[in-house]
Amino acid sequence: MAMPADTNAAGDIFGGWVLSQMDLAGGIAAGQRSGCRVVTIAVDKMKFIRPVHVGDVLCVYSRVGRVGRTSMEINLEAWALRHRFGHREKVTEATFTFVAVNDEGRPVPVPPAAA
């Protein structure tokens, strides 16, 4: 839920807060796909469509896109549930790239998708 401490001077939620929530959701999806620790290496095509307001619930949806040898593109959409109970509105979308890494932080191969 977007809270007053997350606002800018205009009273809207900071874009950085939204980006952070999307990074968390993308990391979960990438970790589930790879079965290991992942790190964010890029954010591409971030498009803010509508503002997020205090009291909105941010819902982030992910889809695994391209999977390379050690990297994965995760396509994310964030939707605001207005004032906790209102209508849903798409507020942003982006493509995040994550790399699977071992405990030392070195890239490791992403296993093939389960059949």
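Note that this is a predicted model, so its numbers are computed, not measured.
The environment of CE in M1 is crowded: more than 12 heavy-atom neighbours from other residues, nucleotides or ligands sit within 6.0 Å. No more than 12 heavy atoms of other residues, nucleotides or ligands sit less than 6.0 Å from atom CG of D103.
R88 is linked by a salt bridge (charged side-chain N to carboxylate O under 4.0 Å, His left out) to nothing, counting only residues two or more places apart in sequence or in another chain. Applying the side-chain contact (heavy atoms from CB on, under 4.5 Å) rule to V99 yields the partners V39, I41, T70, S71, V101, P107; only residues at least two apart in sequence or on another chain are considered. Residues meeting the side-chain contact (heavy atoms from CB on, under 4.5 Å) test with H83, sequence neighbours left out: D56. By the side-chain contact (heavy atoms from CB on, under 4.5 Å) test, L19 is found to be paired with V43, M46, F96, residues two or more places apart in sequence or in another chain being considered.
Minimum heavy-atom separation, L81 to G86: CD1-O, 3.0 Å. Across all non-hydrogen atoms, the minimal contact from G11 to V54 is O-CG2, 4.4 Å. A78 approaches L58 most closely through the heavy-atom pair CB-CD1, 3.9 Å. Contact record, T7 with F14: O-CE1, 2.8 Å, taken as the closest heavy-atom pair.
Hydrophobic cluster membership differs between I13 and V57, with clusters built from Ile, Leu, Val, Met, Phe, Trp and Tyr side chains linked at under 4.5 angstrom. V108 and M72 are members of different hydrophobic clusters when ILVMFWY side chains are connected at heavy-atom separations under 4.5 Å.
Residues L76 and T95 are not in side-chain contact: their nearest non-hydrogen atoms beyond the backbone lie 4.5 Å or more apart. Contact check for N75 versus S62: no side-chain heavy atoms found under the 4.5 Å cut-off. The closest side-chain heavy-atom distance from H53 to D12 is below 4.5 Å. Between V64 and F98 the shortest side-chain heavy-atom distance does not fall below 4.5 Å. Within the 4.5 Å cutoff, side-chain heavy atoms of V91 are placed close to those of V52.
A donor-acceptor pair is defined here as one N or O able to donate and one able to accept, closer than 3.5 Å; such a pair exists between the side chain of S34 and the backbone of A30. Judged purely by atom type and a 3.5 angstrom limit, T40 has no side-chain atom pairing as donor or acceptor with the backbone of A42.
Within the hydrophobic cluster formed by Ile, Leu, Val, Met, Phe, Trp and Tyr side chains joined at under 4.5 Å, directly or through other members, Y61 is accompanied by W79.
If you take CD1 on I74 and CE on M22, they are separated by 11.5 Å, rounding to the nearest 0.5 Å. Rounding to the nearest 0.5 Å places CD of E73 at 5.0 Å from CZ of R66.
Within the structure, salt bridge (Lys or Arg N to Asp or Glu O under 4.0 Å) contacts touching residues 30-50 (residues at least two apart or in different chains) are R50-E89.
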